[in-house]
Amino acid sequence: MSTIRIDELLADWSGEEVIVRFDHDSGAWIIIAIHSTRLGPTVGGTRLKSYRRFSDALRDALRLAEGMTNKFAVFGFPRGGAKAVINVPRTFSESQRAPLLQRYGRLLNQLGEIFTTGPDVGTSSSDMDIIDSVAPGRAHSRTRSVGGSGSSAPATALGVFKAMGAASEIAFGSDSLKGRSIVVQGVGKVGETLIEMLSKDGARVVFTDVDSKRVADFKSRGFEFIRPDDAWSHPCDIFAPCALGGVLNRKTISRLKCKIVVGAANNQLDQPADAERLKKRGILYLPDFVANAGGAIAITGIEALGWSEAEARERVRGIGAVARTVLENALKDDVTPELAARRIAERHLRF
Ligand code: NAI
């Protein structure tokens, strides 16, 4: 097994600081990566899962925190990027969850205004309620029963939907998704709303998932299922990764039979070089941090900036216009959309 040097991971990272705490009671490592406070206090989800090594958890936190900076900066949104990862041991039990989250909440109190969080893989709105009970104002997306905004997934799905329209306009000359063939990979919280919107709009949608219960549920609702491994090579107009990160790599990109990739999953590219691979294959790839920003923007806008729900919805719909600019710039400058989007983000970060 190759050794990953933590000092090298940190030295290579462009972010500002990392807070690490070992939680003796549960055996979990809490890592909070503050990537950039340039545009304002930072916001980022809390991911709770078991990693093989501490360095894997750290690397995930660093990468995801940078992604959050880009996500906010590309829209000129007044918040910085951060991410928390809680690396729990494999023996972690549900009875340990609330006490761990309370101790985590007290740590957030110590950090003050610099970082607020929300749900991510392995955490939910109910977990945010627990954190808020000891650290008021530090957790977004609390449940509606305690006055929070609830899940960010519907807003994320709306942003992805608008981004798909923009990509379709560039690729096919029309932003209408009526009649477009679309593969949705993962019908979880975001995928579910997305597939419903697409189908209502007249798109021809097929889906894949690895959770047999969800597969049965969506089949019973009339959606066509394809096996997870067949999703890559299924001929379609749009491939929508809404499950896991790192799914676009040398192998999967060579199998794709689509014109466009737009989806909700974070960090879809396995390696930076994969953006170029997609471009070489003539596949229009809209960077995830543009397509999936809807949830973060809507919830932070409502809970931290005082937007109404209607205003938040309007802002999320605006993802379409930003997506169009990114893709147009990419074509004009003959660069990958990833680079075009980073250039816009960097411009906002400079001012
Ligand atoms: P989720 O956990 O509710 O759904 C993920 C779905 O993907 C599950 O149904 C799971 O069974 C399925 N899945 C897992 N591995 C798969 C595979 N190999 N092939 C096909 N399906 C697979 O997560 P959620 O909230 O829907 O998020 C989806 C993605 O979007 C995640 O990567 C998340 O980080 C990202 N995201 C979510 C946001 C949100 O507002 N919920 C915001 C921004 C990004």
Side-chain angles (χ1 to χ4, degrees), residues 43-49 60-61 63-65 67-68 70-72 74-75 77 81 83-85 117-128 140-142 148-161 163 183-197 206-219 221 223 225-234 239-249 251-252 255 261-270 286-303 312 316 319:
V43 180
T46 296
R47 183 163 289 200
L48 187 147
K49 61 180 259 194
D60 218 14
R63 227 159 80 107
L64 290 161
M68 288 304 295
N70 286 329
K71 191 175 296 196
F72 289 132
V74 78
F75 294 94
F77 188 81
K83 199 82 181 184
V85 164
T117 195
D120 194 73
V121 174
T123 57
S124 64
S125 291
S126 326
D127 293 326
M128 296 306 117
H140 297 298
S141 251
R142 287 174 302 132
S149 309
S151 166
S152 59
T156 302
L158 175 61
V160 174
F161 179 77
V183 172
V184 176
Q185 182 188 49
V187 283
K189 294 184 285 295
V190 178
E192 173 164 21
T193 308
L194 180 65
I195 203 171
E196 283 164 355
M197 288 173 128
V206 300
F207 80 97
T208 188
D209 204 293
V210 290
D211 179 330
S212 53
K213 272 210 202 113
R214 293 198 78 78
V215 170
D217 177 26
F218 282 83
K219 274 186 177 172
R221 288 155 68 177
F223 292 105
F225 168 74
I226 50 173
R227 290 189 313 119
D229 194 49
D230 295 340
W232 309 109
S233 50
H234 191 85
F239 179 72
C242 296
L244 307 167
V247 289
L248 299 171
N249 55 43
K251 216 165 117 195
T252 56
R255 293 179 63 191
V261 176
V262 175
N266 277 314
N267 292 344
Q268 289 165 32
L269 300 177
D270 187 41
L286 185 72
D288 41 42
F289 60 86
V290 180
N292 71 15
I297 286 180
I299 300 289
T300 315
I302 291 170
E303 297 189 358
V316 173
I319 287 178

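Remember, it's 1-based here, ligands and their atoms both numbered in the order they're listed. For clarity, every value in this text was computed on a predicted model and none was experimentally measured.
Given atom 43 (C) of ligand 1, the protein heavy atom at minimum distance is N292 O, 3.7 Å. C242 O, 3.9 Å is the protein heavy atom nearest to atom 5 (C) of ligand 1. Among protein heavy atoms, atom 8 (C) of ligand 1 sits closest to D209 OD2, 3.6 Å. For atom 27 (O) of ligand 1, the nearest non-hydrogen atom of the protein is V190 CG2, 3.9 Å. Among all non-hydrogen protein atoms, the one lying nearest atom 4 (O) of ligand 1 is G188 CA, 3.2 Å.
Under the side-chain hydrogen bond (donor to acceptor under 3.5 Å, both in side chains) criterion, D209 pairs with no residue, sequence neighbours left out. Applying the salt bridge (charged side-chain N to carboxylate O under 4.0 Å, His left out) test to D211 and every residue at least two apart in sequence or in another chain returns nothing.
Salt bridge annotation for D217-R221: present, with a cationic side-chain nitrogen under 4.0 angstrom from a carboxylate oxygen.
Within the 4.0 Å heavy-atom criterion, both parts of A243, backbone and side chain, lie near ligand 1. Within the 4.0 Å heavy-atom criterion, both parts of K189, backbone and side chain, lie near ligand 1.
With T208, T193, V210 as candidates, the residue nearest to atom 15 (N) of ligand 1 on a non-hydrogen basis is V210. Selection from V160, T156, N266, V247 by nearest heavy atom to atom 42 (C) of ligand 1 gives T156.
Within the structure, ligand 1 has A153 among the residues with a heavy atom less than 4.0 angstrom away. Within the 4.0 Å heavy-atom cutoff, A265 counts among the residues contacting ligand 1.
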For this session: Start with the C-alpha gap between D270 and K251, add the side-chain angles, then the distance that decides, and say whether salt bridge (charged side-chain N to carboxylate O under 4.0 Å, His left out) holds.
Result: CA-CA 11 Å; D270 187 41; K251 216 165 117 195; over 6 Å; no

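Remark: ligand 1 atoms within the under-4.0 Å shell around heavy atoms of R214 are 9 (O). When each atom of ligand 1 is checked for a heavy atom of S152 under 4.0 Å away, the hits are 39 (C), 40 (O). For ligand 1, the atoms lying closer than 4.0 Å to a non-hydrogen atom of A264 are 30 (O), 35 (C), 36 (N), 44 (C).
Between E303 and R142, the shortest heavy-atom contact is OE2-N, 4.2 Å. Among all heavy-atom pairs drawn from G294 and V316, the shortest one is O-CG2, 3.5 Å.
Judged purely by distance below 3.5 Å, without hydrogens or angles, the side chains of T123 and D120 never pair a donor atom with an acceptor atom.
Looking at heavy atoms from C-beta onward, F289 lies out of side-chain contact with N267 at the 4.5 angstrom threshold.
Under the 30°/60° scheme for interplanar angles, the aromatic rings of F223 and F218 are found to be tilted.
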